[in-house]
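In listed order, ligands and their atoms are each counted from 1.
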Amino acid sequence: MSLPESTNETSLRDSAALLSWYMDMGVDEAIGEVAVDRFAAAAEQKAKAQAAAPPQRQVKREAQGYFPAAADSPRAPPEAQGLGLLNPDTSIADAKALAAGATSIEELYQALAGFDGCPLKKTAKSLVLSDGNPEAHLMLIGEAPGADEDRQGKPFVGRSGQLLDRILAAIGLDRASEDPATSAFISNTIFWRPPGNRKPTAAETETCLPFILRAIELADPKIIVCLGATPMQRLCNTTEGILRSRGKWRETVVNGRPVPLMPTLHPAYLLRQPAQKGLCWRDMLAVRKKLDEVT
Ligand code: URA
């Protein structure tokens, strides 16, 4: 049954308005609320097909070297070869070795560029490591790149980044400044955009952890600010929520030295909940005061 013409037009207009609203809200991919691990689904399908296959075929494939022996396969178990399914232990060991070998932020970028242990690399356009001045006294760590960051290859360049720049300006800092005392160094817990801007999984943050720890060592900041729960939980090894933990100084050890760490609200949260900006302002005033004390 076809709808009367006026209803069709109305529903077309409504659909276009809804799509445009989705675009404005940053919804640019049709993705469910729960992340689907398609690599795992593919591996399961493949395992089922192998189990059902006659034994001769299996022998023939092995004889042809289709599946490398485990000893020849440093990155993934044989059933995962070619599917992008990674062995988490091997990925973390690779990440630690690569990160430890970097002696500058540029080398760390190159090390990450050669790292295949995080499946997000397959879906992202760019590797996003850092922006600002690596010599800065203040280092800020966010969650993960979004669509704008993925396009430009730099952290915090979208709407959240613009708000972050205003927050920094309010305490006399500018990421572009060459003076360590008035600049900021910015990075993330994850270096590739999660599809649809979903929250990074624990496996993803664990795999990337050696790289952000090395970035912190190399930048050797006097103060660290964690933007939102993800960096705070990973760096402080806690499951505490950000609303409870924000505004309270913590301490982490960098290059054998205690470094004050302030968890605060993520700018993206503040864009959704502008009434909470006052809390972040309070935290950043505490950061300003601490910067004056330690420098
Ligand atoms: N949100 C983040 O946590 N990091 C970015 O780089 C951009 C948005």
Nearest heavy atom to atom 5 (C) of ligand 1 wins, so pick from Gly228, Ala144, Gly142, Ser130.
-> Ala144
Any N/O pair Glu143/ligand 1 closer than 3.5 Å = yes
Could you tell me whether Phe156 and ligand 1 have an N or O pair separated by under 3.5 Å?
-> yes
For ligand 1, is Lys154 a contact, meaning one of its heavy atoms is under 4.0 Å away?
-> no
Report yes if some heavy atom in the side chain of [X] is under 4.5 Å from a heavy atom in the side chain of [Y]; otherwise report no.
X: Tyr269; Y: Leu243; value: yes
X: Trp192; Y: Leu127; value: yes
X: Cys280; Y: Ile167; value: yes

Check step by step if salt bridge (Lys or Arg N to Asp or Glu O under 4.0 Å) holds for Lys154 and Asp148.
-> CA-CA 8 Å; Lys154 278 189 195 175; Asp148 293 308; over 6 Å; no
Ligand 1-proximal atoms of Pro267, by part, heavy-atom distance under 4.0 Å = neither
Using a 4.0 Å heavy-atom cut-off, say whether Glu149 meets ligand 1 through its side chain, its backbone, both or neither.
-> side chain
Per-atom contacts of ligand 1 with [X], taking only distances under 4.0 Å to non-hydrogen atoms:
X: His266; answer: 1 (N), 2 (C), 3 (O)
X: Pro155; answer: 6 (O)
X: Asn188; answer: 2 (C), 3 (O), 4 (N), 5 (C), 6 (O)

Same apolar cluster (I L V M F W Y, side chains within < 4.5 Å links), Leu218/Phe211 = yes
Are Phe115 and Phe191 close enough that their ring centres sit under 6.0 Å apart?
-> no
Tell me yes or no: between the side chains of Lys222 and Thr295, is some donor less than 3.5 Å from an acceptor?
-> no
